[in-house]
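This report concerns only the one structure given below.
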Amino acid sequence: MLDKTYQPAAVEGRIYDEWQESGAFAAGAGAPDNADSYCIVIPPPNVTGSLHMGHALNNTLQDILIRFERMRGRDVLWQPGTDHAGIATQMVVERQLMENQEPSRRDLGREAFLDRVWQWKGESGGTIINQLKRLGASCDWSRERFTMDDGLSRAVLEVFVTLYHEGLVYKDQRLVNWDPKLHTAISDLEVMQVETKGHLWHFKYPIEGEAGRFITVATTRPETMLGDTAVAVHPEDERYADLVGKHAILPLVGRRIQIVADEWADPETGSGAVKITPAHDFNDFEVGRRHDLPMVNVLDPEAALLLAGNDDFIRGVSPSDDLNETLELHGLDRFTARQKIVERMEARGLIDKIEEHVHKVPHGDRSNVPVEPYLTDQWYVDAATLAKPAIAAVRDGRTAFVPKTWEKTYFDWMENIQPWCVSRQLWWGHRIPAWYGPDGAVFVERSEAEAVVAAEKHYGRSVEIAERLDALARWQKADVAEASPVTLYRDEDVLDTWFSSALWPFSTLGWPDETPALGRYYRTDVLVTAFDIIFFWVARMMMMGLHFMKDVPFHTVYIHALVRDEHGAKMSKSKGNVIDPLDLIEDYGADALRFTLAAMAAQGRDIKLAASRVAGYRNFATKLWNAARFCEMNGCRRVAGYDPMASRQTVNRWIAVETARTAAEITAALEAYRFNEAAGAVYRFVWNTFCDWYLELAKPVLSGDDEAAKEETRAMSAWVLDHILALLHPFMPFITEELWRLTGEEGPARETMLVLAGWPDLDMFDEAAADEVNWLVDVIGQIRSVRAEMNVPPAAQLSVIIAGAGTETRRRLATHDTAIRRLARAQSIELADNAPENAVQIVVGEALVCLPLAGVIDVGAERARLDKELQKVEGEIGRIDKKLGNTQFLEKAPEEVVEAEREKREDATALKAKIEQAIGRLARVA
RNA sequence: GGGCGCGUAGCUCAGCGGGAGAGCACUACGUUGACAUCGUAGGGGUCACUGGUUCAAUCCCAGUCGCGCCCACCA
C-alpha cells in the first residue's frame, strides 16, 4: 500500500544509486546495435564550485533531452566533467591561505602552491558533481573528465603547438587589459564596463618657445600624463593648425612632446586637443604607432607609479626641480598619484577647468578593480582566421542556434573578433609549452624532451633546462655562441581557462587519439547553455572544433534564459536574493524543482523563480502519487499484451486516444526544444484529464457490478498510468521511477527500469468517443455550474430531467447514467418530452437539461443567469453577422474560415433559441 | 553610439493574423473512502499608446512612451 504522500528525500538517493548500479547512464545503455548516437557535452562547471540556479536549469534541460532520447532508443552519451577555472580557483585558494594566515602563494612557490590547489580540488571537487546527482543528472559518470586531466592536457598541448606551427598562435607585444590586482593579462571578454562618476580635468600644456601660450587637453586620468609623448589635434582643425609640428612641454616632467595632426582627435570633444599616452591607452597606442612616438610606461604591474630607474621616463628630459619633485611620487598607487598630480597642476595654475563626468571604466570581471591598458608580451590566437569557417558553418546551417535570434549576436561578434590573448600570469592552469633560449629563441613543443631536441638542433650543442628564470640572466651573447650546454627556460605563464574549454567537445572524447567514442559521438548533437557564454565558449568551440575535427562540434546550440529572483533581479550574494537549488530540493524534491524550471523555460525570456511555484509542482507530484495510490487500491494491474483500442467502454477509448495525443504533443515539443510546452502538456493531461475526469468517471464503474467493464477499466487505468510515468520521466525522473517499481510488483514483470523503458509512440484515433466524452463533460460541468450559482448545498441530491433528447443523446444518457448521477450529484435522471415548470434549464446540444428546483430556485437569480447566457450568445451572433455581412470578408477570406463562421452562427442561433424558450418558461412560472 | 528583447488577469508568464489563456493569488462552498500538498464553482483583462497594412490585428509594419540586457576606444 502506497503512503498518502510521496517523500522525495526517502526515495531520491536510493533511486539514483540504482540507476548508476544498473549502468543505465553508461554510453549507449539500452540502445540497439544500430542505434543513432545522441551526445551532449556538459558545460563543465568550476571544479571547486557549487550548484546554483543557473546550473540547475541548464542541467535539467540537458537531462530532459538525454532521458527523452535514451528512452527513444538512441545511443546516448551525456559527457560530464569539470573545469579547472584558472583565475577563480587560484583566487579561492589564495584567499584560504590568507584567512588561515599561511604563507602566501609567492612565499610558497609555484610547486607547493599548485600542490595546495590540487589538494583543494581533491577536497571540494566532488561537491558539484554530487549536487548534479542530487538533481538527477543522468551523465555517464564513468567518463567524467577534468580539464587538467592528463588526457585533456595532452589535447591542450597538441592544439597549442599545432596552432603555433601553423602561425595561428603567436607572441606579440602590445597593450593588453592588465588586472593590477591579480597581476595578469585578461581577455577583452573578461573586462566589464562599469559606469563611474569621475571628473574631466582640463590641463594646460605650455607651448615650447611661446611664453604664455598653452594647449589645453582634457583627461579623466591625470596620472597617465607622466607618460604623455604627444598632443594630437585634428588635421583640419584650424584652431590648432599653426601648432602642428611644434612641441609642448609636459608639465611636472619637462619632456618635449610633439603636437601631431591625427584624425583620432575629435574637434567636437573637449578642447579638440587630446593628450597622447601610447603606453596606457588603446587609442593612443594606435596614434603612437602612426606617428612613431616614444612609448613611456609609467606604471608597474600593481599600477603604482614606476618612475625611479625608469629610463623611458627620464629619457631626453633635463633635470629640474619639477622633475625631482615628480620622481618622489614613485611607488604611489595610481589613485593617490592622480590626486597628487592634480594638486601640483593646480598649484602651477595649469588647470583650465574641472568638470563632473560620468563615464564607463573598464573593470576586471573577477577582481572588480579598474584594469590598465598595459604593454606586455603575451600569447595570442589569431581568432579572425579561425572565425571564418565558424561563421560559415552557422551561415549555411550546419550549426543552428535556438532561438535563432542569437545567431545575429554570434555573427556580430565573430565578424569583429580581435586577437585572443590566451596567456595568463597565473600558476593554476596549463603551462604554456614554450621554452626560451638565452638569445630569445623560442621552442614550442609538446614536451620538454621535444623542446630539448629542437633546441639542440637549433644551437648545434647540448641543452639543459633551467629551474629558475635567473639562470638565463647569467648568459651573455658570447656564452650562447660558445658555452655548452645552453640553458632553456620554460614560459611561466598558463593558458586562459577557456582555451581548454574550447576543446571540450573532442578532448573529452579522447582526442588527439582516434578513440571509438570520438568516432561515435563527434559531432555531438546539442549544446545547451545560457547566452552569457556564447562568446567565451560557444564561439571558441566552433573555431577549434572546425579547425581540428573538420566538423562542427554540435548541430544545435540551445540558448536558455538566465534564472533571476521572483522580481527579476539578478541573483547575487551581495543582494542576498540567491535561491539555493539544494534548499529547494530539500524542501520540495528534485522532481518539483526540475519540473518548475522546465515549465518556465519558455524560449527567449528570463526565468523569475518563486518558491511558491516549486511548491505548486511538488503538489503535482503528490497528485500523481495519489492517482497511483487510487489505482493500486482499486486493483488496477497492468495486463500483459494489453490492447487499449480493443476497449468497449467509450471513456476507456477516449482516454487511450488522449494518451496518444498527449504523447505526440510532448514528443513534438521536446523535438522543438519547447520545454515549457512539453511540461504543460503532461501537466494538463495528468491533472485535468486523467485525475479530474478519467479517474472520476472510472469510480462508478469500479464500484459498480459490471465485471467486464470493471476489468477493462482497471487494465486501462494501469495502462494510462504506465504511459504517464514514461512521458513524465524526463521531467520527474525520481517519482516516476519509484512508481514504476511499485506498480511493477504486480502484473507482468518489468523488463527494465523506467530510465531505459521505451518512449510512448502511439497512433490511435476515435472521434466518436471524443465527442461523446466532451458531451458528458459538458453536461456534468453545466449541472455543477448551476448548482453552485443557485447555491444548492453539495449534499442535496437533485433529480435531473432531460427534455427533447434525440436518439443519440438518449443512448449516451443511458450509458453514462451512473457517471452523471455521481459527478453531478443527481438522484435520478429522467427523460421527458417537455421541460417541467419551476426548473433551471440548461442547453446541451439539442436537449434541455432541467433541474427542478422548486422551493430552492430563486426565479430572479435564474432569470439573471439566463439573461447573461443570452447576452453572451447574442454578442457572439452579432459579431459573426457583422463578418458574414461583409462582402469583402466573403470574397477574400479562405473558404474554410467562412464556412467555420457559418457553422458557428448556426450553433449559436440554436443555442439562443433554447435559451429564449427557457426564459419563456420561467416567465410563466413567475 | 550600435544591437537585442520585453510591456497580455493582482503576481509570474504562455499565446503571436480569424472565438482573450495557464499557474499562483483571490472569493464562495465542500471531512464525496486517491489526494485539504485536495475538490467544485466563481470574480478579474479598451492584450502599453498612436498610426498603418489587411475582409479581419493582442498577433504583421512604423512611430511614441516605459523597462531590461548585450556590445563599443571617445579624451
Side-chain angles (χ1 to χ4, degrees), chain A residues 2 4-6 188 193 200-202 217-221 232 264-266 268-277 281-286 357 359-360 362 373 403 405-406 408-409 412-413 416 531-532 534-535 562 564 566-568 570 588 592 596 599-600 602 604-610 612-613 615-634 674 676-677 680 683-684 691-692 695-696 699 703 781 784-789 791-795 822-823 825 876 879-880 882-883 886-894 896-898 900-901 904 908:
Chain A
L2 266 60
K4 212 166 163 180
T5 54
Y6 166 65
D188 298 347
Q193 303 293 336
L200 197 54
W201 287 273
H202 294 254
V217 295
T219 181
T220 55
R221 305 207 45 202
W264 157 243
D266 178 0
E268 307 291 312
T269 306
S271 62
V274 57
K275 70 191 222 28
I276 300 298
T277 321
D281 182 282
F282 289 101
N283 290 303
D284 294 0
F285 182 80
E286 295 303 322
H357 187 62
H359 62 143
K360 300 281 179 81
T405 66
W406 292 109
K408 187 173 168 46
T409 306
D412 285 350
W413 190 68
N416 296 298
F531 65 81
D532 54 346
I534 290 177
F535 304 147
L562 256 31
R564 298 174 175 280
E566 59 188 305
H567 307 294
K570 206 165 181 171
Y588 304 110
T596 308
M600 300 188 80
R605 205 195 267 253
D606 287 346
I607 294 180
K608 292 176 194 156
L609 189 72
S612 63
R613 198 71 192 254
Y617 290 114
R618 181 271 320 268
N619 297 354
F620 175 58
T622 309
K623 187 75 183 175
L624 172 71
W625 185 261
N626 278 287
R629 185 161 175 264
F630 173 84
C631 290
E632 183 193 40
M633 290 170 67
N634 285 281
R674 297 183 174 278
N676 61 320
E677 287 181 15
Y683 182 93
R684 285 190 299 274
C691 292
D692 290 349
L695 291 184
E696 291 304 324
K699 280 177 184 173
S703 60
R784 281 171 168 175
S785 196
V786 168
R787 289 185 63 117
E789 278 177 46
N791 287 317
V792 179
R822 176 143 171 184
L823 298 192
R825 303 195 58 72
E876 171 84 358
R879 193 184 56 76
I880 298 170
K882 203 173 146 198
K883 270 193 176 182
N886 182 343
T887 50
Q888 295 276 25
F889 173 69
L890 297 178
E891 280 167 26
K892 298 193 175 171
E896 315 86 78
V897 174
V898 177
E901 291 297 321
K904 271 189 254 172

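Just so it is clear: chains get the letters A, B, ... in the order the sequence lines come, proteins before strands, and each one is counted from 1. Everything quoted here is computed from the prediction, not taken from an experiment.
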For A/T269, report the nucleic acid contact type (base, sugar-phosphate, nothing); a contact means any heavy atom under 4.0 Å. base
Are there runs of at least three consecutive Watson-Crick or G-U pairs touching RNA chain B, with each pair's two distances under 3.5 angstrom? Give them by first number. B:1-7 with B:65-71, B:10-13 with B:21-24, B:26-30 with B:38-42, B:48-52 with B:60-64
Measuring only the C1' atom in each nucleotide, how far is B/C49 from B/A41? A whole number of Å is fine. 37 Å
By side-chain hydrogen bond (donor to acceptor under 3.5 Å, both in side chains), A/R787 pairs with (sequence neighbours left out) none
Picking from B/A75, B/A34, B/C73, which would you name as closest to the side chain of A/T220? B/A75
Are A/H357 and B/A75 close enough that a side-chain N or O sits under 4.0 Å from OP1 or OP2? yes
So what does A/C631 hit on the nucleic acid, given a heavy-atom distance under 4.0 Å: a base, only sugar-phosphate, or nothing? nothing
Counterpart residues, ring-ring contact (aromatic ring centres under 6.0 Å, His included), relative to A/Y588 (two or more places apart): none
Could you check how far CZ of A/F630 sits from P of B/U32, rounded to whole Å? 15 Å
Distance check, P atoms only: B/G7 and B/C60, in whole angstrom units. 11 Å
Mind checking the P distance from B/G39 to B/A34? Whole angstroms is fine. 13 Å
Could you check how far CG of A/D266 sits from P of B/C73, rounded to whole Å? 16 Å
Need one value for A/A265: base, sugar-phosphate or nothing, where a base atom within 4.0 Å counts as base even if backbone is also close, heavy atoms only. base
Specify the residue among A/D412 and A/A628 whose closest nucleotide of RNA chain B lies further upstream toward the 5′ end. A/D412
Contact check, side chains of A/F531 and A/T409, non-hydrogen atoms, under 4.5 Å: no
What is the distance, rounded to the nearest whole Å, between atom NZ of A/K360 and atom C1' of B/C71? 10 Å
Could you check whether the rings of A/F535 and A/W413 sit parallel, tilted or perpendicular, using 30° and 60° as the cut-offs? parallel
Winner on side-chain proximity to A/T405, out of B/G5, B/C73, B/G23, is B/G5
Can you give me the closest heavy-atom contact between A/T220 and A/H357, atom names plus distance? CG2-CD2, 3.5 Å
At under 4.0 Å between heavy atoms, which parts of nucleotides 35-43 of chain B does protein reach? Answer with one letter per nucleotide, 5' to 3': B base, S sugar-phosphate only, - none. BSBSSSSSS
For A/T409 and for A/L695, find the nucleotide of RNA chain B with the closest heavy atom, then tell me which residue's nucleotide is more 5'. A/L695
How close do A/A265 and A/G272 get, counting heavy atoms only, and between which atoms? CB-O, 3.8 Å
Can you tell me the distance, in whole Å, between the NE2 atom of A/H359 and the C1' atom of B/A75? 10 Å
At 4.0 Å (heavy atoms only), tell me whether A/N886 reaches a base, stays on the sugar-phosphate, or touches nothing. sugar-phosphate
Student check: side-chain heavy atoms of A/V274 and A/V217 closer than 4.5 Å: no
Integer angstrom distance from the P of B/C74 to that of B/G66: 25 Å
Look at the rings of A/F620 and A/Y617 and say which category their plane angle falls in: under 30° parallel, 30 to 60° tilted, over 60° perpendicular. perpendicular
Heavy atoms, side chains only, cut-off 4.5 Å: are A/L2 and A/M633 in contact? no
With heavy atoms under 4.0 Å as the rule, sort A/R221 into base, sugar-phosphate or nothing. nothing
Euclidean distance, atom OH of residue A/Y683 to atom C1' of B/C13 [Å, nearest integer]: 14 Å
Between B/G19 and B/G23, how far apart are the two C1' atoms, rounded to whole Å? 23 Å
Under 4.0 Å, heavy atoms only, any strand: does A/W264 hit a base, just the sugar-phosphate, or nothing? base
Is it the case that A/K699 places NZ or CZ above or below the six-membered ring of A/F630, under 6.0 angstrom from the centre and within 45 degrees of the axis? yes
Just by modelled atom types, is the A/D412 backbone N or O under 3.5 Å from a matching donor or acceptor in the A/N416 side chain? yes
Provide the closest heavy-atom pair for A/K275 versus A/T219 in the form atom of the first, atom of the second, distance. CE-OG1, 3.6 Å
For A/E632 and B/G33, what is the distance between atoms CD and C1' respectively, to the nearest whole Å? 15 Å
Find every protein N or O atom lying less than 3.5 Å from an N or O atom of nucleotides 15-18 of chain B, and list the pairs.
from	atom 1	to	atom 2	distance (Å)
B/G18	O2'	A/K883	NZ	2.8

Could you give the NZ-to-C1' distance, from A/K408 to B/C71, as a whole number of Å? 11 Å
Can you sort out the partners of A/E286 under side chain to side chain contact (heavy atoms under 4.5 Å, CB included), two or more places apart, ordered by chain and number? A/R290
Write down the distance separating the P atoms in B/G43 and B/G21, rounded off to the nearest Å. 12 Å
Pairwise C1' distance for B/C65 and B/U50, with rounding to whole Å: 10 Å
Nearest-Å distance for atom pair CE/P, residues A/M600 and B/U12: 10 Å
Apply salt bridge (charged side-chain N to carboxylate O under 4.0 Å, His left out) to residues A/E876 and A/R879 and explain how you reach the verdict. CA-CA 5 Å; A/E876 171 84 358; A/R879 193 184 56 76; 3.6 Å; yes
For nucleotides B/C6 and B/A14, find the distance between their C1' atoms and express it as a whole number of Å. 14 Å
